[in-house]
There are 2 protein chains.
Amino acid sequence: MQRNPRRKKRVTLRDVAKHAGVSPKTVSNVLNDWPYVSDETRRRVQASIDALGYRQSILAASLRTGRTKTIGVVIPDITNPFFGQVVRGCEDVLYNAGYSIFLCNTNEDAAKERTYLDILANRRVDGLLLFGAHPSSEELTAAVHGEIPIVAEDSPAESDNTTVIDIDNSAGAAMAVRHLLDLGHKRIAHLGGPSERAAANGRHEGYQQALEAAGVDYDPALVIRCKPTMRGGYHAALQLLGDEQPAALFCYNDLMAIGAMVACRRLGLEIPDDVAIVGFDDIAMASLVTPILTTVRVQQYEMGRLASELLLKRLGDDEEVPGRVKVPVELIVRGSCGAKRMSSRQVSLILERLLDSDLVDLAPCESDESHIASQASCVTPDS
Amino acid sequence: MQRNPRRKKRVTLRDVAKHAGVSPKTVSNVLNDWPYVSDETRRRVQASIDALGYRQSILAASLRTGRTKTIGVVIPDITNPFFGQVVRGCEDVLYNAGYSIFLCNTNEDAAKERTYLDILANRRVDGLLLFGAHPSSEELTAAVHGEIPIVAEDSPAESDNTTVIDIDNSAGAAMAVRHLLDLGHKRIAHLGGPSERAAANGRHEGYQQALEAAGVDYDPALVIRCKPTMRGGYHAALQLLGDEQPAALFCYNDLMAIGAMVACRRLGLEIPDDVAIVGFDDIAMASLVTPILTTVRVQQYEMGRLASELLLKRLGDDEEVPGRVKVPVELIVRGSCGAKRMSSRQVSLILERLLDSDLVDLAPCESDESHIASQASCVTPDS
DNA sequence: TTGTAGGCGTTATCAA
DNA sequence: TTGATAACGCCTACAA
């Protein structure tokens with residue numbers, strides 16, 4: 001019956017109650033800021049708490065209340081700057097609401113994702129935030145038993161306890177490809193992301209649509225799909241550029257685009273003169289490479305905030321929460337597509353704007369007003 | 001007595017037991033892979049579990065056992081690629097050991113850090129992993145009540161339930177500065193990190209030591225300390241280069257170094273001809289800028305793994321865990337310090353090596369053998 | 001090998 | 001306003 005004797009017994013709420021000469025409930029009332037506690041009692045209880053070094057067990061409270069104040073955030077890889085930004089957005093919002101985050105890297109592995117979903121459900125997280133997840137809705141539903149509120153980026157899953165955030169992937173991709181077409185490119189290849197990611201499929205569709213709209217035949221030989229990493233982009237580009245030598249590359253994301261740039265370097269191809277490249281996301285790295293990467297911007301941090309706020313609303317369950325929300329994107333024309341030769345001044349401007357992405361420097365709520373609301377749009381460096 | 005009637009009652013272990021016609025204990029045995037359960041019973045129980053859609057409550061189990069299988073990972077900012085890498089290392093190890101991670105961004109804010117430590121203690125995490133934390137050991141001790149095993153990077157806290165991981169900051173900094181001295185630079189400025197970070201102080205010391213060893217006077221006017229971000233580096237460099245025009249900049253980390261590069265660009269200064277720059281960490285971005293950043297490499301991912309493994313050992317408490325561990329660093333000489341003009345081939349090599357940092361592409365345990373063991377050393381691109 | 005009887009530390013429901 | 005008492009869902013002795 002005794003616990004491990006090595007460990008001294010924990011101070012419990014009961015002990016505090018005894019010490020303060022009140023009932024357990026009263027201590028609980030003090031801890032939870034219940035209004036109907038006399039100041040005198042409150043002070044006495046607080047004194048006992050301090051004296052005994054009492055720590056409330058959120059565990060026990062959660063077991064009793066059924067709420068853990070805990071959110072599972074599931075992403076492919078925290079090492080990808082895109083998700084770093086997203087998670088930061090989540091954390092800023094959730095921390096202020098009193099939630100703690102379980103961080104889960106799936107590493108693009110469906111099995112690990114399922115396992116994590118399982119664990120999170122067993123840990124009784126109050127909600128789930130899913131980014132870049134595999135889209136199989138059955139999994140989702142099964143894993144969480146239809147009981148946990150979810151906000152998921154680019155998931156086909158449709159259910160009344162789920163909100164889906166749709167990045168405007170196809171529109172963004174179409175803008176990028178149209179831009180390349182406008183520059184006179186005909187042979188535009190696509191380095192696609194994994195087909196298990198809905199976002200990758202959306203961007204692939206946008207690519208096809210833009211070609212079709214321009215009367216250019218879709219050539220499957222110009223499309224390679226692989227892991228959305230620098231290395232993935234590197235190898236895909238190597239293969240593509242070795243074979244067919246397309247004039248332009250539209251990449252699933254910036255990481256792949258940068259990998260493609262490395263491949264071009266290896267092959268002795270000049271960017272943008274020999275090969276034009278466009279990425280997607282606008283991560284910080286995109287502004288650091290030479291030439292600066294033309295890309296389709298997704299407001300990552302804001303998306304994390306938005307997702308978290310939607311989830312919070314769902315948890316409050318007093319308001320009607322939309323089942324589907326669209327996040328706009330914008331084409332950022334820079335150096336790698338060949339639309340313009342960037343002046344040194346323009347480059348400086350871009351880099352200086354990049355400094356604004358240092359979240360640590362920002363006052364806590366400085367970006368409060370910058371919520372996503374605008375439509376997909378096109379921005380050039382001067383604007 | 002009834003719960004919220006809206007929510008259907010959860011299936012409990014008892015229900016499963018009843019359904020399977022066995023005792024709760026038996027179900028528990030099955031769940032926890034107790035060896036002495038007949039296959040037949042195990043199968044029956046498992047069938048009932050599936051039939052009822054039962055989910056074990058880790059919460060309740062934790063309350064009972066006193067272990068949550070949960071680790072708190074506290075970092076300044078997940079948006080900083082350095083910590084993204086570190087956290088990934090932690091996750092890879094901890095996931096395999098069955099632990100879930102609470103991710104906590106302190107945003108360089110001591111109050112938030114304290115609050116998080118408090119929450120984590122109340123959540124009864126089994127252990128704590130602290131990176132870039134504020135060094136006040138009293139806080140630590142108080143916050144966790146001396147009961148939670150800790151592994152902390154660069155913390156002065158010394159106690160028997162804490163292991164400290166010391167990055168070899170002063171040695172690394174000294175190597176960097178000596179390198180600049182060897183190149184003939186006399187006026188070497190230091191863009192230092194916040195003095196609340198022990199690592200920043202260590203690097204500052206190394207800077208001083210190297211100067212002293214070379215008989216160069218330490219000039220406080222050549223040192224600015226600020227937030228370890230691109231923006232911080234940018235503003236510090238602007239100030240430093242405006243005033244005194246030092247010949248070289250040694251920066252607390254790569255982010256600041258990159259900020260400094262942006263500042264140089266703005267001032268029309270060429271790197272490395274007008275200003276030589278050396279960073280610290282070797283994040284991916286360091287390989288992407290032009291000229292490529294000379295830096296002092298810290299094996300971030302490996303450090304995350306190491307820290308986690310040490311913590312796991314502490315939790316196993318069967319082995320003697322060291323109270324202090326040193327992590328070596330190495331000087332990576334590239335383009336921004338002016339030691340050499342990088343050939344295009346050399347740049348390609350560096351970039352191709354960068355691709356290896358795509359963790360998603362790696363097989364789960366491919367990097368198992370690459371644990372940190374070597375001494376601080378100096379590497380040039382050709383080696 | 002399996003069953004029984006608490007108790008882990010809270011909060012909720014009453015009544016006082 | 002506060003006090004007793006019963007859950008919350010699981011695990012661990014111990015007995016069978």
Side-chain angles (χ1 to χ4, degrees), chain A residues 1-5 7-45 48-49 52-69 121-124 126 147, chain B residues 1-5 7-45 48-49 52-69 121-124 126 147:
Chain A
M1 209 208 81
Q2 234 60 319
R3 296 192 50 76
N4 189 335
R7 177 181 340 207
K8 58 186 177 300
K9 211 167 164 337
R10 274 202 167 283
V11 180
T12 79
L13 176 145
R14 271 188 138 73
D15 300 330
V16 175
K18 206 164 299 175
H19 182 102
V22 299
S23 85
K25 170 62 174 158
T26 304
V27 178
S28 177
N29 287 343
V30 171
L31 289 173
N32 300 325
D33 289 317
W34 177 288
Y36 310 118
V37 180
S38 73
D39 281 358
E40 166 55 17
T41 308
R42 188 182 301 277
R43 189 164 37 250
R44 261 230 317 289
V45 169
S48 297
I49 287 176
L52 300 179
Y54 167 73
R55 304 198 80 86
Q56 188 193 40
S57 165
I58 301 185
L59 232 52
S62 295
L63 179 60
R64 184 62 243 236
T65 61
R67 291 181 307 91
T68 54
K69 281 295 202 171
N122 289 358
R123 287 196 183 282
R124 303 291 190 265
D126 292 340
E147 292 193 350
Chain B
M1 210 208 76
Q2 235 60 318
R3 297 192 51 76
N4 189 334
R7 178 184 334 211
K8 56 184 175 304
K9 209 165 165 337
R10 272 202 168 282
V11 180
T12 79
L13 178 145
R14 272 188 140 69
D15 301 330
V16 175
K18 206 163 298 173
H19 182 101
V22 298
S23 85
K25 167 64 172 157
T26 304
V27 178
S28 177
N29 287 344
V30 171
L31 288 174
N32 300 324
D33 288 317
W34 177 286
Y36 310 117
V37 181
S38 73
D39 281 358
E40 165 56 18
T41 309
R42 188 182 300 278
R43 188 166 38 251
R44 261 230 317 289
V45 169
S48 297
I49 287 177
L52 300 179
Y54 167 73
R55 305 201 79 90
Q56 187 193 41
S57 166
I58 301 184
L59 231 53
S62 295
L63 181 59
R64 185 60 242 245
T65 61
R67 289 181 308 93
T68 55
K69 282 296 204 168
N122 289 357
R123 286 196 184 281
R124 302 292 189 263
D126 292 338
E147 291 193 351

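Every chain is numbered from 1, with letters handed out A, B, ... down the list of sequences.
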Taking side-chain hydrogen bond (donor to acceptor under 3.5 Å, both in side chains) as the test, write out the residues that go with B/Ser48, two or more places apart. none
Under 4.0 Å, heavy atom to any atom of DNA chain C: which of residues 16-32 of chain A qualify? A/Lys25, A/Ser28, A/Asn32
Return the value, rounded to whole Å, for the distance between atom CH2 of A/Trp34 and atom C1' of C/dT13. 10 Å
Would you mind reading off the distance between A/Gln56 atom CD and C/dG9 atom P, rounded to a whole angstrom? 13 Å
Residues in side-chain hydrogen bond (donor to acceptor under 3.5 Å, both in side chains) with B/Thr26, at least two apart? B/Ser23
End-to-end axis angle, where each axis spans five pairs of the helix from C/dT1-D/dA16 to C/dA16-D/dT1, to 10°: 30°
With a 4.0 Å cutoff (strictly under), does any side-chain N or O of B/Thr41 reach OP1 or OP2 of C/dT2? yes
For B/Lys69, does the NZ atom have more than 12 heavy-atom neighbours from other residues, nucleotides or ligands under 6.0 Å away? yes
Partner set under side-chain hydrogen bond (donor to acceptor under 3.5 Å, both in side chains) for A/Arg14, not counting sequence neighbours: none
Choosing from C/dT2, C/dT10, D/dC11, which nucleotide comes nearest the side chain of B/Ser38? C/dT2
Distance-only donor-acceptor test, A/Arg64 side-chain atoms vs D/dA7 base atoms, 3.5 Å: yes
Roughly, in whole Å, what's the span from CG in B/Asn122 to P in C/dT10? 9 Å
Can you check whether A/Ala61's main-chain N or O pairs, donor with acceptor, with A/Thr65's side chain at less than 3.5 Å? yes
Atom pair distance, as rounded to whole Å: CZ in A/Arg42 and P in D/dT1: 11 Å
side-chain hydrogen bond (donor to acceptor under 3.5 Å, both in side chains) involving A/Thr41 - partner list, sequence neighbours excluded: A/Ser38
Rounded to the nearest Å, what distance is computed from the OH atom of residue B/Tyr36 to the P atom of nucleotide D/dA16? 22 Å
Okay, side chain of A/Ser28, backbone of A/Pro24: is any donor-acceptor separation there less than 3.5 Å? no
Under the criterion side-chain contact (heavy atoms from CB on, under 4.5 Å), I'd like the reasoning laid out for B/Arg55 against A/Glu147: C-alpha separation, chi angles, the key distance, then a yes or no. CA-CA 12 Å; B/Arg55 305 201 79 90; A/Glu147 292 193 350; over 6 Å; no
Nucleotide C/dG3, atom C1' - distance to CG of B/Leu13 in whole Å: 13 Å
For B/Thr68 and A/Arg123, work out which heavy atoms get closest and say how close. O-NH1, 3.0 Å
Atom-pair distance (CG on A/Leu63; C1' on C/dG9), nearest Å: 9 Å
Could you tell me how far apart B/Ile58 (CD1) and D/dC8 (C1') are, to the nearest whole angstrom? 16 Å
Report yes if a side-chain nitrogen or oxygen of B/Ser62 is closer than 4.0 Å to either non-bridging phosphate oxygen (OP1 or OP2) of C/dC8; otherwise report no. no
